[in-house]
S.K.: 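What follows is a single structure, and I will ask about it in a moment.
In what follows, every heavy atom counts, from backbone to side chain, and hydrogens, waters and symmetry copies are set aside. Just so we're on the same page: letters track the sequence lines, and every chain starts at 1. What you see is a predicted model, and the numbers here were worked out from it, not measured in a lab.
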Protein chains: 2
Amino acid sequence: MATIYQVSELAGVSLATVSRVMNNNTKVSDKTKQKVLKAMAELGYQPNSIAQSLASNRSNSVGVLVSELHGPFFGDMMSAIEDTLRLEGKHTIITSGHSDEERERASIEFLIGRKCDALILHAEAVTDEYLLNLESRGIEFVLINRYIKQLENRCIRLDNKQGGYLATQHLIKLGHQKLAYISGPKWKQDAQERLQGHKQALTDAGIDFDEALCFEGDYQQSSGSKGLDWLCEHAPKFSCVVCANDEMASGVMTRARQLGINVPSELSVVGFDNIIYANYLYPTLTTIDYPIYEMGRMAAKYILKQVYEKKNLDIESVFVPKLEIRDSSIEYV
Amino acid sequence: MATIYQVSELAGVSLATVSRVMNNNTKVSDKTKQKVLKAMAELGYQPNSIAQSLASNRSNSVGVLVSELHGPFFGDMMSAIEDTLRLEGKHTIITSGHSDEERERASIEFLIGRKCDALILHAEAVTDEYLLNLESRGIEFVLINRYIKQLENRCIRLDNKQGGYLATQHLIKLGHQKLAYISGPKWKQDAQERLQGHKQALTDAGIDFDEALCFEGDYQQSSGSKGLDWLCEHAPKFSCVVCANDEMASGVMTRARQLGINVPSELSVVGFDNIIYANYLYPTLTTIDYPIYEMGRMAAKYILKQVYEKKNLDIESVFVPKLEIRDSSIEYV
DNA sequence: TTGAAAGCGATACCAG
DNA sequence: CTGGTATCGCTTTCAA
């Protein structure tokens, strides 16, 4: 692998000059520039980015933390970020935290050690203090789907409560009075907020929230199935179930089919997230649109603006959920 | 951020000694070791991995290239790799190539520039020559889902042809005689192989392959829908359709429903890959199991063995597809 | 506009 | 077992 030294030798200029044409920030005469370019081409020179990072304390790469590397939600998030950053020549390093405090922290520290210029975090398990401390360490970062008051301007988020509200309100408007709910893990902020929205919608409609109609899932498809089983066995009668995400909703629909319960005529189902295949389920799933791709883009833009000094970028930090009505929910008769 | 220099100063030893306790490969007296450890703790010292890489020409990270960051297939692949590598303290850097030659090459060069110790590549667009050249450059890598004779031992792959064969044979055994086929992009190796398997199965059953019953999709869900439309309009009558992947199969089933065609009674559908939600579709999808998680693990193990000198790892490079019979395919009457 | 030289933060070889 | 020192490949003042 050719080094900058060999290039400078072949071109008959100094190291510094070669470096200058690479980063073309300083003026270099056109003639020398051509010589250098030619030498680089001839040697098939590729700068060693590790050395660049060490010297400049800049890596042109941003670190991303997701909960899981698989799953439609994080897939879209990663794609959005990489697409956006790549256009500006920045690279993306991805790690996963598995919703576990220890592992999230380890991943974040790894990214920092890797001298990422900034971080985009979907951090669920790590404490507020840790994140606050990150800021005081001078680390540049932005949070997706988490709200911490003191870090407000670094939070790109969806109004989850409003989303939960919309989902439930939709069913109430359809005449449903007995609504079951399958929540995400209660310790997760978004799960809490979505549930709060649900309760608020009930209250506003004069319906009492019944703990017995509420099952705590884990956001996985299988827990939707488990949830439906549990509800059928332990809960009072209900005509619909609102799920805290689409994957659990999918689990519910599949299990319902196995149990011989028709969706939507006997049971309406509503999801949350609007993941890509919500529209390919049968029946197609009524859900709350979570513009995760847009939010991923926005997070990347934030970094571009704050860290890489791109101007003319409007940052918007709170996104609004939208109800997407499809076939899995119908009027209660 | 503390440096090794400050640690050595505080501990009253040389740089070299500090380095030695970090990498504990050379003997260091217990007493000095404790002094150093204490100093490190006191300063909250974290080695700078960029500097380590530059100096050691080792990064303890392996680069991964996938086609897309989203999608169930690549999600599982990435998860498998990261899970396996992390257990050994190695890190994963992920990039995407979007099935585009230019971008695949750029990503690979980025990973190399990043001094990854090895690469795991799902490279579709880059030429054989390029890959061959990679080897002669002395780069350690392993290929997933691609076969190049000269690189045979570096190829972790599924017998795609056999998979295509099984899918088609299954339908023929059920009595189908008019089989439509929706392939992946013809320029992709796996798409070719699966199609070959399909043709072989037809031939073995004495059925002629009919070009008019074959639509070329792009492995996306939407092209499954488009494919069915096209087939209904242009192709002779058929009683089933075999799809080169599950996502297109899902598209076919959804479109069939919209067209009022019952699956499976009027149309049997078979997919390929056995992605996680194949089992949540309605009807559940008959498909060919692609053990991508296992293959991702295996690729990681190969690297662990070859590059990081872990012993006692059995490497298996050709995986066997398995037919997974579910509800989307039934006997032809 | 260009060159010389001092780092960046570690590793690793060679002596002692 | 420990210390000194050259080195990795590049960036970035500082002068010229």
S.K.: Starting from P on D:dG4, measure out to CG on B:Leu15 and report it in whole angstrom.
M.R.: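 So the two atoms are 9 Å apart, to the nearest Å.
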
S.K.: Excluding sequence neighbours, so at least two apart, what forms salt bridge (charged side-chain N to carboxylate O under 4.0 Å, His left out) with A:Glu101?
M.R.: A:Arg105

S.K.: Give me the residues of residues 5-14 of chain B where at least one heavy atom lies under 4.0 Å from an atom of DNA chain C, by number, or none.
M.R.: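 Heavy-atom cutoff 4.0 Å gives no residues at all.
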
S.K.: By salt bridge (charged side-chain N to carboxylate O under 4.0 Å, His left out), which residues pair with B:Asp100, not counting sequence neighbours?
M.R.: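 So B:Asp100 forms no salt bridge (charged side-chain N to carboxylate O under 4.0 Å, His left out) with any residue.
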
S.K.: NA contact type, B:Arg20, heavy-atom cut-off 4.0 Å: base, sugar-phosphate, or nothing?
M.R.: base

S.K.: Using the salt bridge (charged side-chain N to carboxylate O under 4.0 Å, His left out) criterion, which residues pair with B:Lys38? Sequence neighbours excluded.
M.R.: B:Glu42

S.K.: Specify the separation, in whole Å, of atom CD1 of B:Ile4 and atom P of D:dG3.
M.R.: 12 Å

S.K.: What does the inter-axis angle of the helix from C:dT1-D:dA16 to C:dG16-D:dC1 come out as, five pairs per end, nearest 10 degrees?
M.R.: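 The value is 30°.
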
S.K.: Set out, in order, the CA-CA distance, both residues' side-chain angles and the distance that settles side chain to side chain donor-acceptor pair (under 3.5 Å) for B:Asp190 and B:Tyr147, then state yes or no.
M.R.: CA-CA 9 Å; B:Asp190 57 358; B:Tyr147 177 68; over 6 Å; no

S.K.: Considering only NZ, NE, NH1 and NH2 on the basic side and carboxylate oxygens on the acidic side, decide whether B:Arg146 and B:Asp128 come within less than 4.0 Å.
M.R.: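 Salt bridge between B:Arg146 and B:Asp128, a charged N being under 4.0 Å from a carboxylate O: yes.
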
S.K.: Taking side-chain hydrogen bond (donor to acceptor under 3.5 Å, both in side chains) as the cut-off, I'd like each qualifying pair that reaches into residues 64-93 of chain B, sequence neighbours left out, listed once.
M.R.: A:His70-B:Ser79, A:Ser79-B:His70, A:Ser96-B:Glu82, A:Ser107-B:Arg86, B:Asn60-B:Lys90, B:Ser67-B:His122, B:Ser67-B:Glu124, B:Glu68-B:His98, B:Glu82-B:Arg86, B:Asp83-B:Tyr293, B:Glu88-B:Lys310

S.K.: Can you find a side chain N or O atom of B:Ser56 that sits less than 4.0 Å from OP1 or OP2 on D:dC8?
M.R.: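 Checking D:dC8 against B:Ser56, no side-chain N or O comes under 4.0 Å of OP1 or OP2.
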
S.K.: On DNA chain C, which is the earliest and which the latest nucleotide, 5' to 3', with an atom closer than 4.0 Å to a heavy atom of chain A?
M.R.: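 Contact boundaries, 5' end first: C:dT1 to C:dG9.
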
S.K.: With DNA chain D as reference, determine whether B:Lys115 or B:Asp30 sits nearer its 5' end, using the nearest nucleotide of each.
M.R.: B:Asp30

S.K.: Which residues pass the side-chain hydrogen bond (donor to acceptor under 3.5 Å, both in side chains) test with B:Ser14, sequence neighbours left out?
M.R.: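 Applying side-chain hydrogen bond (donor to acceptor under 3.5 Å, both in side chains) to B:Ser14 gives B:Thr17.
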
S.K.: Could you pull out all residues at least two apart from A:Glu9 that satisfy salt bridge (charged side-chain N to carboxylate O under 4.0 Å, His left out)?
M.R.: none

S.K.: Tell me whether the guanidinium CZ or amine NZ of A:Arg154 lies under 6.0 angstrom from the six-membered ring centre of A:Phe141 and within 45° of its axis.
M.R.: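 The answer is yes, since A:Arg154 meets both limits relative to A:Phe141.
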
S.K.: Measure the distance from CG on B:Leu54 to P on D:dC10 and round it to the nearest whole Å.
M.R.: 9 Å

S.K.: Decide if atom NZ of A:Lys33 counts as having more than 12 heavy atoms of other residues, nucleotides or ligands within a radius under 6.0 Å.
M.R.: no

S.K.: Name every residue in residues 39-52 of chain B that has at least one heavy atom under 4.0 Å from any atom of DNA chain D, in order of residue number, or write none if there are no such residues.
M.R.: none

S.K.: How would you list, by chain and number, every residue that makes a ring-ring contact (aromatic ring centres under 6.0 Å, His included) with A:Phe73, sequence neighbours excluded?
M.R.: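 Testing A:Phe73 for ring-ring contact (aromatic ring centres under 6.0 Å, His included), a comparison that skips the adjacent residues, returns A:Tyr290.
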
S.K.: Which distance, rounded to the nearest 0.5 Å, do you find between the CG of A:Leu85 and the OH of A:Tyr308?
M.R.: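 Here the rounded value is 6.5 Å.
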
S.K.: Looking across every strand, which nucleic acid part, if any, lies under 4.0 Å from B:Asn57 by heavy atom: base, sugar-phosphate, or nothing?
M.R.: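 Here B:Asn57 touches no strand at all.
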
S.K.: How would you list, by chain and number, every residue that makes a side-chain hydrogen bond (donor to acceptor under 3.5 Å, both in side chains) with A:Asn57, sequence neighbours excluded?
M.R.: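 So A:Asn57 forms no side-chain hydrogen bond (donor to acceptor under 3.5 Å, both in side chains) with any residue.
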
S.K.: For B:Thr17 and D:dG3, is the shortest distance between a side-chain N/O and OP1 or OP2 below 4.0 Å?
M.R.: yes

